[in-house]
Amino acid sequence: MKRKALFVDRDGTVIVEPAGDMQVDSLEKLEFVPGAISALRSIASLEYDLVLASNQDGLGTASFPEDTFWPAHNKMLKTLEGEGVTFADQLIDRSMPEDNAPTRKPRTGMFGRYMTDEYDMASSYVIGDRATDVELAYNLGARAVLLQRPDTGREMLAGKPFAASCVLMTSSWAEVAEFLRRTERRAVVARRTSETDIRVEVDLDGAGDSRIDTGLKFFDHMLDQIPHHAGVSLTVVCRGDLEVDEHHTVEDVAIALGEALYEALGSKRGIDRYGFVLPMDESRAMVLIDFGGRVDFSWSVPFTREYVGDVPTEMFSHFFKSLCTAMRCNLHIEARGENNHHMIEGVFKAFARALKMAVRRDVFSCELPSSKGVL
């Protein structure tokens with residue numbers, strides 16, 4: 001998997017940019033932007049390489065001697081490090097605007113190592129307080145977060161050809177952190193074989209929106225229980241060889257869905273990890289789940305019919321087993337009842353509720369839900 005980067009501007013974004021000379025050249029001038037420290041602490045647990053990217057006009061010249069820059073800069077870094085925030089790289093351009101240096105933001109001369117196949121720029125971000133930070137994101141092929149009030153931001157970007165690269169305008173660092181934490185919990189999986197062509201999109205923090213179309217109406221009805229009862233957004237579109245039978249469609253949807261859920265969980269930091277038993281009319285269903293990284297599957301659902309709707313009942317255990325393997329989890333399922341439709345619908349609803357419990361995340365927690373410290 002390619003790496004992602006978060007390029008963070010310094011002056012006006014992490015620390016306050018002084019009026020007048022606009023230089024943080026003494027400890028007395030060092031002041032953090034409100035909310036920056038706590039937000040960066042939250043963001044640091046995400047799967048981004050944190051990179052500080054800053055223009056420092058004339059650094060090292062008589063107008064901005066180095067010995068006035070480094071004490072405040074190092075104090076800033078030490079303060080952030082004490083909160084668990086460490087930059088993997090620091091990109092500092094020393095040129096003046098009139099030099100038109102290729103390394104000066106929004107130009108990309110400093111960013112060569114990130115514009116390679118090692119990094120996924122389309123999933124990376126630039127966070128800054130100026131239009132040039134948005135332009136930098138555009139030039140990198142990344143997305144931008146503009147730390148400005150929306151009305152100010154819209155005015156700054158009005159008529160700019162790179163404005164569409166800005167995906168969030170806010171003066172609140174807390175909103176920036178929550179936006180990035182939510183973005184981490186999305187995934188798209190496309191799976192194409194000689195038997196099926198599938199696209200699955202998952203947003204674990206979505207609003208329950210869904211589009212389900214597999215060509216099997218009862219299967220669609222069951223899959224639709226997941227976004228409805230788990231509170232996630234889910235798209236599943238499959239074109240399979242139903243003229244042969246239902247096997248490949250059901251199995252491959254399970255694999256693609258499991259891979260998408262696994263990817264959307266990301267680092268798993270802050271999740272509840274476990275979770276559901278529910279009644280469905282005369283039947284009852286129990287689903288136990290553990291996103292601990294190990295695979296174990298148990299199934300006890302005694303059907304008395306060969307088909308429910310247009311799906312063979314034998315395919316449901318295969319669906320959940322394939323899903324379990326792709327999600328890399330423990331999944332134990334039991335159901336009892338008289339009506340086979342009620343039993344399997346209860347299973348899907350219980351699975352969705354278990355999923356909702358397990359993926360729920362405390363946005364203020366960066367801890368892994370494991371005494372081992374590893375999942």
Side-chain angles (χ1 to χ4, degrees), residues 3-41 43-44 48-116 118-119 121 124-140 142 144-148 156 171 173 176:
R3 297 162 71 178
K4 300 180 293 185
L6 199 61
F7 303 104
V8 185
D9 179 46
R10 195 189 83 144
D11 299 356
T13 302
V14 177
I15 58 177
V16 175
E17 188 169 53
D21 62 10
M22 303 174 72
Q23 290 181 352
V24 182
D25 52 12
S26 69
L27 291 174
E28 289 73 24
K29 287 185 177 180
L30 179 61
E31 178 185 353
F32 282 89
V33 171
I37 295 177
S38 56
L40 284 168
R41 180 181 182 275
I43 292 169
Y48 293 95
D49 288 353
L50 279 180
V51 179
L52 189 71
S54 179
N55 291 336
Q56 295 295 323
D57 297 359
L59 178 61
T61 68
S63 65
F64 197 178
E66 297 227 16
D67 60 3
T68 66
F69 170 79
W70 290 110
H73 183 77
N74 290 335
K75 182 68 172 178
M76 176 196 73
L77 295 177
K78 187 175 181 179
T79 301
L80 291 172
E81 186 177 350
E83 295 297 321
V85 180
T86 303
F87 290 101
D89 197 3
Q90 297 182 59
L91 306 177
I92 299 176
D93 180 70
R94 300 160 175 258
S95 69
M96 298 295 287
E98 58 269 22
D99 296 335
N100 292 319
T103 52
R104 185 178 179 84
K105 297 187 305 177
R107 300 176 186 89
T108 60
M110 293 195 297
F111 299 85
R113 63 164 294 196
Y114 300 99
M115 301 176 71
T116 65
E118 184 181 358
Y119 282 86
M121 282 293 101
S124 299
Y125 291 86
V126 175
I127 304 177
D129 65 315
R130 297 185 179 186
T132 50
D133 295 306
V134 180
E135 186 176 1
L136 171 64
Y138 174 81
N139 292 339
L140 290 171
V145 172
L146 185 61
L147 199 66
Q148 292 284 355
M156 291 173 64
S171 58
W173 259 110
V176 175

Working to the nearest 0.5 Å, report the span between CD1 of Ile37 and CG of Leu80.
6.0 Å
So Pro18 and Val24, do their side chains get closer than 4.5 Å, heavy atoms only?
yes
Determine whether Asp25 and Phe64 satisfy the following criterion, side-chain contact (heavy atoms from CB on, under 4.5 Å), listing intermediate values before the conclusion.
CA-CA 8 Å; Asp25 52 12; Phe64 197 178; 3.8 Å; yes
Closest non-hydrogen atom pair between Glu66 and Gly60, with its separation:
CG-CA, 3.6 Å
Main-chain N/O of Leu30 paired with Lys75 side-chain donor or acceptor, under 3.5 Å
no
Approximate separation, where rounding is to 0.5 Å, of Glu83 CD and Lys78 NZ:
13.5 Å
Is there a side-chain contact between Leu140 and Thr108 (heavy atoms, below 4.5 Å)?
yes
Stepwise side-chain contact (heavy atoms from CB on, under 4.5 Å) test for Asp133 and Lys105
CA-CA 7 Å; Asp133 295 306; Lys105 297 187 305 177; 3.2 Å; yes
Residues passing the salt bridge (Lys or Arg N to Asp or Glu O under 4.0 Å) test with Arg10, sequence neighbours excluded, are none
Closest approach of Leu27 and Ala72, non-hydrogen atoms and distance?
CD2-CA, 3.8 Å
Answer yes when Asp11 and Arg130 have at least one side-chain N-carboxylate O distance shorter than 4.0 Å, and no when they do not.
no
Which pair of non-hydrogen atoms, one from Val16 and one from Val33, has the smallest distance, and what is that distance?
N-CG2, 3.9 Å
Output for pair (Thr61 OG1, Leu59 CG), nearest 0.5 Å, gives 7.5 Å
Should we say atom OH of Tyr138 is surrounded by more than 12 heavy atoms from elsewhere, each under 6.0 Å from it?
no
Working to the nearest 0.5 Å, report the span between CG of Asn100 and CD of Glu98.
8.5 Å
Please determine whether side-chain contact (heavy atoms from CB on, under 4.5 Å) holds for the pair Lys4 and Tyr125, giving the CA-CA distance in whole Å, both sets of side-chain angles, and the decisive distance to 0.1 Å.
CA-CA 8 Å; Lys4 300 180 293 185; Tyr125 291 86; over 6 Å; no
Exercise: do Asp9 and Thr13 side chains pair donor with acceptor under 3.5 Å:
yes
side-chain contact (heavy atoms from CB on, under 4.5 Å) assessment of Phe111 paired with Asn139:
CA-CA 10 Å; Phe111 299 85; Asn139 292 339; over 6 Å; no
Distance (rounded to the nearest 0.5 Å) between Ile127 CD1 and Leu147 CG:
8.0 Å
Is there side-chain contact between Arg113 and Asp89, with heavy atoms separated by less than 4.5 Å?
yes
Main-chain N/O of Ala101 paired with Asp99 side-chain donor or acceptor, under 3.5 Å
no
Nearest-0.5 Å distance, CZ of residue Arg104 to CG of residue Asn55:
4.0 Å
Would you say the side-chain atoms of Asp49 and Tyr114 include a donor-acceptor pair closer than 3.5 Å?
no
Search all heavy atoms of Gln148 against all heavy atoms of Asp129 and return the closest pair with its distance.
NE2-O, 2.8 Å
Between Thr103 and Asp93, do the side chains contain an N or O donor and an N or O acceptor separated by less than 3.5 Å?
yes
For Ser63 and Gly58, work out which heavy atoms get closest and say how close.
OG-O, 4.1 Å
For the backbone of Gln23 and the side chain of Lys29, can you confirm whether one donor and one acceptor N or O come within less than 3.5 Å of each other?
yes
Compute whether any side-chain donor of one residue and acceptor of the other, for His73 and Gln56, lie under 3.5 angstrom apart.
no
Mind listing the closest non-hydrogen atom pair of Ala142 and Ser124 along with its distance?
CB-O, 3.4 Å
